[in-house]
Protein chains: 2
Amino acid sequence: MSGGPLPTIHEVARLAGVSVATVSKTLNRSGKVSALLQERVNAAAQKLGYAPHASARSLRSGATRILGLLVADLANPYFLKLVESIERLSSAAGYSVILCNSAEDPEREERHLAMLLSQRADGAIVIPTRRGWSGRQAALANLPMPGILVDRRIEGLDLDSVTTDNVALGRLAAEHLDDLGHRRIAVIMGSPEHQIARHRLDGFRSGLAARGVTLDERLIEKDNFSEAAGHAAALRLLAHAERPTAVFATNNHLALGLLRAITERNVSIPDELSIIAVDELPWAGLVRPGMTVVTQPSEAIAETTVSTLLSRITEGRSGPGEDEAKSIQLQPALVVRGSTAPMRK
Amino acid sequence: MSGGPLPTIHEVARLAGVSVATVSKTLNRSGKVSALLQERVNAAAQKLGYAPHASARSLRSGATRILGLLVADLANPYFLKLVESIERLSSAAGYSVILCNSAEDPEREERHLAMLLSQRADGAIVIPTRRGWSGRQAALANLPMPGILVDRRIEGLDLDSVTTDNVALGRLAAEHLDDLGHRRIAVIMGSPEHQIARHRLDGFRSGLAARGVTLDERLIEKDNFSEAAGHAAALRLLAHAERPTAVFATNNHLALGLLRAITERNVSIPDELSIIAVDELPWAGLVRPGMTVVTQPSEAIAETTVSTLLSRITEGRSGPGEDEAKSIQLQPALVVRGSTAPMRK
DNA sequence: GACGGTAAAGAAAACGATTTACAGGAGGAG
DNA sequence: CTCCTCCTGTAAATCGTTTTCTTTACCGTC
């Protein structure tokens with residue numbers, strides 16, 4: 001917060017006694033410059049505290065080295081983890097990240113996309129909002145820069161995507177509970193309109209079916225993804241005539257609601273009830289026996305996302321054969337802790 | 001991810017049958033353009049899907065409409081809340097936000113600052129790392145754009161800052177516990193080298209002193225800010241010969257550790273022990289009687305930060321009288337829930 | 001009818017970098 | 001000695017805007 005105008009490449013050139021072209025070549029390690037002049041140029045740049053003007057550079061070169069990161073919901077701790085990893089990886093690769101939060105609002109999402117277009121970001125990483133994509137796929141499909149979808153896919157949109165294999169995730173949870181001998185199993189699934197919830201439930205159901213266990217449809221609680229919904233669903237389940245011996249909560253908000261109901265009703269975990277949830281959470285340590293969870297590979301997802309996007313950017317969609325959108329699915333993992341236990345005979 | 005090169009202002013001008021200057025004036029609502037031509041220009045821009053090239057615009061106009069947001073630790077939920085609010089407010093004011101996470105690493109912080117300088121961000125919002133500022137204040141002081149510090153201040157640095165009044169925060173907690181009649185009170189303070197922790201403790205101590213209560217120095221637990229440190233400190237306090245009747249945890253990681261210890265030792269809250277912490281937390285609902293907390297006014301802090309920075313940007317540090325850095329402190333609030341109760345006689 | 005004033009539109013000069021195309025000099029071959 | 005070829009370094013064009021400065025046209029007034 002001081003100092004006059006910043007030095008330009010001309011002043012560096014003058015101080016070093018060379019032309020601006022030589023300065024540019026030296027700083028970008030492109031073209032041939034003798035060692036002597038390189039020395040002089042670097043010294044001059046250092047002395048003046050020269051920082052190249054990114055706008056001027058991008059205007060001429062056509063690349064901004066900026067990535068747009070458009071997140072559906074920053075408050076979601078899982079997305080936050082993705083944001084953190086993506087920022088770190090992009091930054092390490094020399095890209096800056098413009099962060100946008102759409103807060104599940106399609107209108108904000110659209111405004112942010114327009115802004116990223118104006119900024120001529122070199123690429124866009126998008127966790128799309130849940131709804132409002134019916135007529136708007138064009139907005140993403142027509143993006144003039146490479147784009148990639150994370151965590152959520154959009155049906156009928158020809159764009160790279162990286163997601164968790166949510167069917168496998170459901171199956172993993174199912175197999176664990178079956179291994180422990182549970183038969184009366186409940187699921188708090190969230191909104192049935194949401195693709196991810198459906199996949200997790202499908203995987204869970206088919207996982208049980210493969211072991212010869214049928215999921216009781218009356219023990220599937222459907223509503224939305226809020227903590228309140230999870231709480232209400234859990235209370236209904238606990239009031240059942242034949243109380244389930246295990247519960248699978250398909251999302252962390254739901255799990256939080258479930259835990260609250262359990263605390264209020266003084267249900268003992270895992271003696272009276274086994275519970276399994278999705279994703280590690282900061283407060284997991286609070287839950288006494290430790291939460292058994294199925295985790296999404298967030299770091300791997302971030303890595304795959306960034307590297308896939310960057311190669312699209314550098315390759316410039318050249319080969320006409322390799323041009324199809326990739327749908328990458330990564331595998332979840334089971335982490336067993338104390339909140340699940342063998343069913344008592 | 002398609003379409004050829006983006007249309008430029010020249011193509012809009014040609015389609016509308018006017019000069020580029022007229023297009024520019026129309027789109028920026030500056031200068032005089034007849035209604036007829038405005039109509040034609042807007043129609044042409046619309047039809048071509050024209051989006052002005054931000055780099056070209058900034059190069060000429062000198063303003064990027066970009067703010068840098070450099071955060072010491074994205075994983076901290078309190079900072080996350082600030083990030084969320086700052087992004088929303090900036091976006092509403094027409095600014096894009098480049099997000100940088102230094103992860104408490106001074107080196108990353110420095111690299112990010114250099115990047116923001118190169119990008120010619122119009123302003124920088126910085127939550128500085130805890131350490132490593134001894135010799136580096138210059139890096140911030142010499143920033144050529146307006147900058148503002150949030151949450152943490154740096155001694156001897158002439159820069160605007162917005163923080164919580166942490167002395168008041170400590171006092172608020174003290175008065176509440178005194179109102180309830182507690183006398184044997186413990187504090188888990190975190191690192192004594194950290195200014196914020198010291199302020200909170202000072203406020204707490206003087207708040208008690210003003211009521212004629214002396215804080216027992218042996219009940220002040222000092223270490224670092226980790227969950228593990230909070231846990232260890234809590235175990236020591238619970239093992240005390242004369243166990244305290246109330247505990248103040250000055251930070252959310254510490255509170256988490258405290259809660260874990262309490263759960264493990266089966267201490268009943270608030271019957272055996274009253275606890276008070278800092279900041280609302282997503283998992284607060286899990287704690288049975290509800291957490292009594294002193295909250296920092298995060299939304300107000302974000303608002304003040306953004307508006308102060310934006311006015312510095314637009315006013316361009318003109319008036320030589322009003323030029324001094326402002327240190328703004330905002331007031332915390334007490335939220336009483338079930339985790340604190342009157343001391344039993 | 002000449003003149004001045006005003007408003008609207010356009011021509012052209014920046015902004016600060018990259019990049020292309022060219023110039024100059026050294027060195028070697030014929 | 002001349003010609004050709006590298007090899008460095010430079011001049012100048014260019015990217016897409018904004019902005020300044022002219023130009024043009026129109027109108028009312030004397």
Side-chain angles (χ1 to χ4, degrees), chain A residues 4-42 44-45 48-66 94 115 117-122 144-145, chain B residues 4-42 44-45 48-66 94 115 117-122 144-145:
Chain A
L6 270 46
T8 73
I9 199 174
H10 287 96
E11 321 195 30
V12 177
R14 184 146 37 87
L15 180 58
V18 299
S19 74
V20 293
T22 304
V23 176
S24 175
K25 283 177 188 160
T26 304
L27 266 35
N28 296 308
R29 294 160 183 67
S30 70
K32 311 282 176 192
V33 179
S34 68
L36 171 67
L37 288 196
Q38 291 207 22
E39 188 75 13
R40 290 225 310 262
V41 167
N42 287 327
L48 292 178
Y50 170 71
H53 194 301
S55 296
R57 185 195 291 243
S58 333
L59 178 57
R60 174 63 231 222
S61 69
T64 54
R65 299 198 78 82
I66 284 180
M115 183 271 287
L117 172 57
S118 241
Q119 295 287 351
R120 300 295 194 275
D122 287 343
M145 65 278 235
Chain B
L6 269 46
T8 74
I9 200 175
H10 286 96
E11 322 195 30
V12 177
R14 184 147 38 86
L15 180 57
V18 298
S19 74
V20 294
T22 303
V23 177
S24 176
K25 284 174 189 161
T26 304
L27 266 33
N28 296 309
R29 291 161 186 66
S30 70
K32 313 283 177 193
V33 180
S34 69
L36 172 66
L37 288 196
Q38 293 208 21
E39 188 75 13
R40 290 225 308 262
V41 166
N42 287 326
L48 293 177
Y50 171 70
H53 195 302
S55 297
R57 184 193 291 237
S58 336
L59 177 57
R60 173 64 230 220
S61 70
T64 54
R65 299 197 79 82
I66 284 181
M115 183 271 288
L117 172 57
S118 241
Q119 293 288 351
R120 300 294 193 274
D122 287 344
M145 67 278 236

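Predicted model, so just to flag it, every value in this text is computed and none were measured.
Considering only heavy atoms from C-beta on, Pro52(A) stays 4.5 Å or farther from Leu27(A) through its side chain. With contacts defined as side-chain heavy-atom distances shorter than 4.5 Å, the pair Val33(B)/Val41(B) does not qualify.
Distance Leu27(A) CG to dT19(C) P: 13 Å, rounded to the nearest Å. Spacing between atom NE2 of His53(B) and atom P of dT14(D) amounts to 17 Å, rounded to whole angstrom units. The CG atom of Asn28(A) sits 17 Å away from the P atom of dG16(C) (whole-angstrom rounding). The distance between atom NE2 of His10(A) and atom P of dC15(C), rounded to the nearest whole Å, is 9 Å. Here dG16(D) presents its C1' atom at 15 Å from CG of Leu48(B), a figure rounded to the nearest Å. One can place CG of Leu59(A) at 8 Å from C1' of dA17(C), the figure rounded to the nearest angstrom. Between the CD atom of Gln119(A) and the P atom of dG16(D) there is a distance of 16 Å, rounded to whole Å. Here the P atom of nucleotide dT19(D) and the CZ atom of Arg29(B) are 15 Å apart, to the nearest Å.
Taking both residues in full, the closest heavy atoms of His53(A) and Leu59(B) are given as CE1-CD1, 4.4 Å, listed atom of the first, atom of the second, then distance. The minimum heavy-atom distance between Ala54(B) and Gln119(A), with the atom names listed, is CB-OE1, 3.5 Å. Minimum interatomic distance between Thr8(A) and Tyr50(A) (heavy atoms only, all atoms of both residues): C-CE1, 3.6 Å.
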Give me, pair by pair, the N or O atoms of the protein and of nucleotides 22-26 of chain D that are less than 3.5 Å apart, along with how far apart they are.
none

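Five base pairs at each end of the helix from dG1(C)-dC30(D) to dG30(C)-dC1(D) define two local axes, and these are offset by 70° (rounded to 10°).
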Return a table of donor-acceptor pairs under 3.5 angstrom between the side chains of residues 14-25 of chain B and protein atoms on other chains or two or more places apart.
unit_1: Ser19(B); atom_1: OG; unit_2: Ala21(B); atom_2: N; d: 3.4
unit_1: Ser19(B); atom_1: OG; unit_2: Thr22(B); atom_2: N; d: 3.3
unit_1: Ser19(B); atom_1: OG; unit_2: Thr22(B); atom_2: OG1; d: 3.2
unit_1: Ser24(B); atom_1: OG; unit_2: Asn28(B); atom_2: ND2; d: 3.3

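Closest to the side chain of Ala56(A), out of dT17(D), dA17(C), dG16(D), is dA17(C).
Residues forming a side chain to side chain contact (heavy atoms under 4.5 Å, CB included) with Thr64(B) (at least two apart in sequence, or on another chain): Ser55(A), Ser58(B), Ile66(B), Arg120(B), Asp122(B).
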Practice item. Could you encode protein contacts along nucleotides 7-14 of chain C as a string, one character per nucleotide from 5' to 3', using B for base contact, S for sugar-phosphate-only contact and - for no contact, with a heavy-atom cut-off of under 4.0 Å? Key: -SBBB-BB
